Amino acid sequence: MKKKSKYTAVLICGLWAGGMTFNSCTDKFDNWNINPNEATREEMSRDNLLTGAYFAQMERGVFRVGEQLSGRYQITQALEGDLFASYFATITKWTYTTYHNDHYALYSDWYDYPFNDAYVEIMQPWKEICDVTNAVSPARAMATVIKVFGMSRITDMYGPIPYSKYGTAVEVAYDSQKDVYYQFFTELADAIEVLTEYANHNVDPYLADYDNIYSGNVGKWVQFANTLRLRLAMRISYVEEAKAKTEAEAAINNSYGLMASASDDAILHQSSSLTFRHPLWEIGVSWDDEHMSATMDCYLNGYGDPRISEYFQPTTKNGDYKGARNGMVSPAKEKYSGVTSRPNFAQGSDMNWMHAAEAYFLMAEANLRWGLGTGTAQSYYEEGIRTSFSSAGVSQPADGYISNQEKRPLSTYVDPNTASSVDVSSMLSQLPVAWEVTASLEKNLERIMIQKWIALYPDGQEAWSEMRRTGYPGWVRIQSYNYQTEVSDNQMISRLRFPTTEYSSNNKNTEAAIQLLGGGRDAAGTRLWWDVKR
């Protein structure tokens, strides 16, 4: 019997159970006589009853969390974007594969999972919510925001993905990444409209019993959606500038605005209904698989950045903060465990989705390039740093750090095990933190992206996307490029290959999707649609 991929197998069950076509999830059909401005408690209860469990599943599915799921998080996030962004480096050697993602030698048992899990944990429950709600349901709108958030991460890993035709067939055709992004913007615009209307006329929280992000605060969801819209707008700014600016303006001008303070951070909170071991505690502390990278070492130590003690633990041997180089030829855990820094998460820490600081760095770039916003690029940049300090829990004022014109990233990386040194001055960005009014647009953009990269921690997936989009900040190159054949020397890995499961269960459409890639080759070095600047 022909094996179905995970997303198509689960999809069939959903279609039989739901009894509705995919169009019911995207078209504005009859509204069941609901007044979107006066949602009743009975209507809220109905949505809660039918959608709450699926909504909670979606929240858990963006970053895989749950009992015994840290290994799943590791192979969908920590061994993908977290390595490629040089937030962490592996210090262990797995018995089943010698060369892997940290060497840009993609390991299929790892790169299959982000794709497959997204369809099971995000797309399918979203489909179930669509089947029992209508176009003006806040539940559907909130679920759609999560869907766009989650699936934007997937398309930014792989490029073309099955999206617009999801739910219409067993073997689903892929959309080009451009088409996926355009649908994202349409979906976000519709969702923001619905949620804005609800928040304008209702003070009661919505889906509060199932929402572990904002406890049903719809106004906060609008701010998050606007910030996500601005993120995606800036992502396409080098390939479709006019569309990017239009979407950016729409996000900025919404009456609820963007995330503005640490209290707006999108955080998946642990609760009586959701408990999990924080995966970065388990991966980095309990298992000792991934520690601070050499790149993080050079930036945080070079700047004297006080976030270093919030992000990482001091080494057990020397009490300092040190990182390992990505792509080490033959890492030995027993040699690096005590001399490199573990991620600073407790077993019961909450899971970050998006920090409000990102909104300020997005605004800094939008202002620098297009003059958007009421502030200046400098004021947004500096407020981004302050907000990042607040989110990280740094107690000291950020002013001294912001005004520093002397300190720069380290120009030499010293391996904490071998004591060998590498000149990394040509690899890393070498700018001080302080804004320079007379600097070129490109130099100040680089400055913004350095601080944005630091502030995005621990979301390596988003940091990797921004590094590919802008070329900033520079990073310590992997130790050796000898163990892969698809990424040119000194270049950053550009994408994940399409899953092997797709070639076995959806071959015709997967082969067609290769032609939607700019290079026409399903390879780690093939750049995505929006990756045109580097």
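Treat the numbers as computed from the prediction; the structure is a model and nothing was measured. Residues: numbered from 1 along the sequence shown.
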Does a side chain donor of either [X] or [Y] reach within less than 3.5 Å of an acceptor in the other side chain?
| X | Y | result |
| --- | --- | --- |
| K147 | Y163 | yes |
| D156 | W530 | yes |
| E187 | T144 | no |
| D289 | Q74 | yes |
| Q57 | E121 | yes |
| Y182 | E240 | yes |
| Y360 | E365 | no |
| N101 | E80 | yes |
| N444 | R447 | yes |
| S494 | R468 | no |
| D265 | S391 | yes |
| T501 | D112 | no |
| D102 | T90 | yes |
| R497 | Y111 | yes |
| S152 | R235 | no |
| Q77 | R153 | yes |
| E171 | N509 | no |

Side chain proximity check, [X] to [Y], heavy atoms < 4.5 angstrom:
| X | Y | value |
| --- | --- | --- |
| S70 | H278 | no |
| L79 | E290 | yes |
| R229 | I192 | yes |
| F88 | H291 | no |
| Y380 | F361 | no |
| D82 | P458 | no |
| Y311 | Y321 | no |
| P409 | Y303 | yes |

Carboxylate-amine/guanidinium contact [X] [Y], below 4.0 Å:
| X | Y | answer |
| --- | --- | --- |
| D288 | R342 | yes |
| K243 | E247 | yes |
| D531 | R469 | no |

query: About how many Å separate CG of D459 and OG of S465, when rounded to the nearest 0.5 Å?
result: 8.5 Å
field: Nearest-0.5 Å distance, CD of residue E59 to CD1 of residue I122
entry: 11.5 Å
side-chain contact (heavy atoms from CB on, under 4.5 Å) assessment of K335 paired with T418: CA-CA 9 Å; K335 294 180 180 179; T418 65; over 6 Å; no
Can the ring centres of [X] and [Y] be said to be less than 6.0 Å apart?
| X | Y | result |
| --- | --- | --- |
| F312 | Y457 | yes |
| F345 | W281 | no |
| Y99 | Y104 | no |
| W453 | W464 | no |
| Y54 | W126 | no |
| Y158 | F115 | yes |
| F149 | F224 | yes |

Considering non-hydrogen atoms only, spot the tightest contact between [X] and [Y] and give its length.
| X | Y | value |
| --- | --- | --- |
| I154 | P114 | CD1-O, 3.4 Å |
| I478 | G327 | CB-CA, 4.2 Å |
| L428 | T295 | CD2-CG2, 4.3 Å |
| S86 | W475 | OG-CD1, 3.5 Å |
| A524 | E486 | N-OE1, 2.7 Å |
| L230 | A251 | N-CB, 3.9 Å |

field: Worked check of side-chain contact (heavy atoms from CB on, under 4.5 Å) between W221 and I213
entry: CA-CA 9 Å; W221 275 102; I213 302 293; 3.9 Å; yes
Worked verdict on D415 versus Y336 for side chain to side chain donor-acceptor pair (under 3.5 Å): CA-CA 9 Å; D415 186 294; Y336 283 90; 2.8 Å; yes
query: What do you reckon, is CD of Q68 surrounded by more than 12 foreign heavy atoms closer than 6.0 Å?
result: no
message: Are more than 12 heavy atoms, taken from residues, nucleotides or ligands other than K443, located less than 6.0 Å from that residue's NZ atom?
response: no
Backbone of [Y] reached by a side-chain donor or acceptor of [X] within 3.5 Å:
| X | Y | answer |
| --- | --- | --- |
| S237 | E241 | no |
| R527 | R534 | yes |
| T510 | E502 | yes |

message: Could you walk me through whether S164 and D175 satisfy the side chain to side chain donor-acceptor pair (under 3.5 Å) test, starting with their C-alpha distance in whole Å, then the side-chain angles of each, then the deciding distance to 0.1 Å, before giving a yes or no?
response: CA-CA 7 Å; S164 67; D175 295 296; 2.8 Å; yes
message: In terms of relative ring orientation, are Y483 and H103 parallel, tilted or perpendicular, with 30° and 60° separating the classes?
response: perpendicular
task: Please lay out, stage by stage, how R325 and S293 fare under the test side chain to side chain donor-acceptor pair (under 3.5 Å).
output: CA-CA 6 Å; R325 192 167 181 180; S293 75; over 6 Å; no
task: Establish, yes or no, whether the cationic atom of R369 lies under 6.0 Å from the six-membered ring centre of Y238 and within 45° of the ring axis.
output: yes
Criterion side-chain contact (heavy atoms from CB on, under 4.5 Å) on E282 and F276, from CA distance to verdict: CA-CA 10 Å; E282 194 144 31; F276 53 89; over 6 Å; no
Evaluation steps, side-chain contact (heavy atoms from CB on, under 4.5 Å), between M492 and F84: CA-CA 8 Å; M492 174 172 284; F84 304 151; 5.6 Å; no
- request: List the steps and the verdict of salt bridge (Lys or Arg N to Asp or Glu O under 4.0 Å) for D190 and R140.
  value: CA-CA 10 Å; D190 290 344; R140 182 189 290 191; over 6 Å; no
message: Run K322 and D297 through salt bridge (Lys or Arg N to Asp or Glu O under 4.0 Å) and show every step you take.
response: CA-CA 6 Å; K322 293 297 295 181; D297 176 340; 3.2 Å; yes
